[in-house]
Amino acid sequence: MQLSDERASAILHVINRIPFGRLSTYGTIAAAAGFPGNARLVGKVLKRLPEDSTLPWFRVINAQGKISFPETSPNYHRQITALTSENHPFKLGKKHLANKMWP
DNA sequence: CTCCTGACTCCAC
DNA sequence: TGTGGAGCCAGGA
């Protein structure tokens, strides 16, 4: 049971079905996976994600509409790049952001 | 069992 | 608009 078995897969499954061009937050995903209040758990699952994973982890942002990495982190730039190339320019206004949200 | 940490969130200032 | 602090829950030491 490396990482709370069911929970991890449930969370991964939810993330995996975030449609192209959409974004979601940790809290939303946690709730959608059946674990409301466990936003941090989502982060934990993603953290242990292999680099070669095809999971759209980059579509996951925090509730403030921002990336949960410090700008100094390489991961921050990876996510920016992925979002920019697969979704759209990453300069979302609040309203625009709401539109991109999933569910 | 307790204490600390974290890819989080909310609500006051 | 920004900060700070409390709340939260699973894991590891």
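Residue numbering restarts at 1 for every chain, and letters A, B, ... go by the order of the sequence lines. In this text the structure is predicted, and so the values were computed from the model without any measurement.
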Undergrad: If the condition is side-chain contact (heavy atoms from CB on, under 4.5 Å), which residues does A:Pro74 pass it with, not counting sequence neighbours?
TA: A:Arg78
Undergrad: Rounding to a whole Å, what distance do you find between A:Ile11:CD1 and C:dA10:P?
TA: 11 Å
Undergrad: What residues, two or more places apart in sequence or in another chain, satisfy side-chain contact (heavy atoms from CB on, under 4.5 Å) together with A:Ser73?
TA: A:Phe69, A:Pro70, A:Asn75, A:Tyr76
Undergrad: Run the side-chain donor-acceptor check on residues 27-42 of chain A: report pairs under 3.5 Å with partners two or more places apart or on a different chain.
TA:
unit_1: A:Thr28; atom_1: OG1; unit_2: A:Thr25; atom_2: OG1; d: 2.8

Undergrad: Can you check the A:Arg78 CZ to B:dA7 C1' distance for me, whole Å?
TA: 13 Å
Undergrad: Measure from the side-chain heavy atoms of A:Phe69 and tell me the nearest of B:dC10, B:dA7, C:dA10.
TA: B:dA7
Undergrad: Would you say A:Ser68 and A:Ile61 make side-chain contact, with heavy atoms under 4.5 Å?
TA: no
Undergrad: Can you check the A:Asn62 CG to C:dC8 P distance for me, whole Å?
TA: 20 Å
Undergrad: Quick test: give all pairs of protein nitrogen or oxygen and nucleotides 3-6 of chain B nitrogen or oxygen below 3.5 Å, distance rounded to 0.1 Å.
TA:
unit_1: B:dG6; atom_1: N3; unit_2: A:Arg40; atom_2: NE; d: 3.4

Undergrad: Please state how far atom CD in A:Gln64 lies from atom C1' in C:dT1, giving the value in whole angstrom units.
TA: 13 Å
Undergrad: Would you mind reporting whether A:Val45 and A:Ile15 have side-chain heavy atoms less than 4.5 Å apart?
TA: no
Undergrad: Can you tell me how far C1' of B:dA7 sits from CD1 of A:Ile15, to the nearest Å?
TA: 10 Å
Undergrad: Could you spell out the base pairing of DNA chain B in dot-bracket, with Watson-Crick or G-U pairs whose two distances are under 3.5 Å, [ ] crossing and | to another strand?
TA: .|||||.||||||
Undergrad: Do A:Arg17 and A:Trp102 come within less than 4.5 Å of each other through their side chains, counting heavy atoms only?
TA: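 A side-chain contact under 4.5 Å exists here.
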Undergrad: What is the distance, rounded to the nearest whole Å, between atom CD1 of A:Ile67 and atom C1' of B:dA7?
TA: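 Roughly 10 Å, once rounded to whole Å.
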Undergrad: Expressed in angstrom and rounded to an integer, what is the separation of A:Lys66 atom NZ from B:dT9 atom P?
TA: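 About 13 Å, once rounded to whole Å.
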Undergrad: Looking across every strand, which nucleic acid part, if any, lies under 4.0 Å from A:Thr25 by heavy atom: base, sugar-phosphate, or nothing?
TA: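 Result for A:Thr25 = sugar-phosphate.
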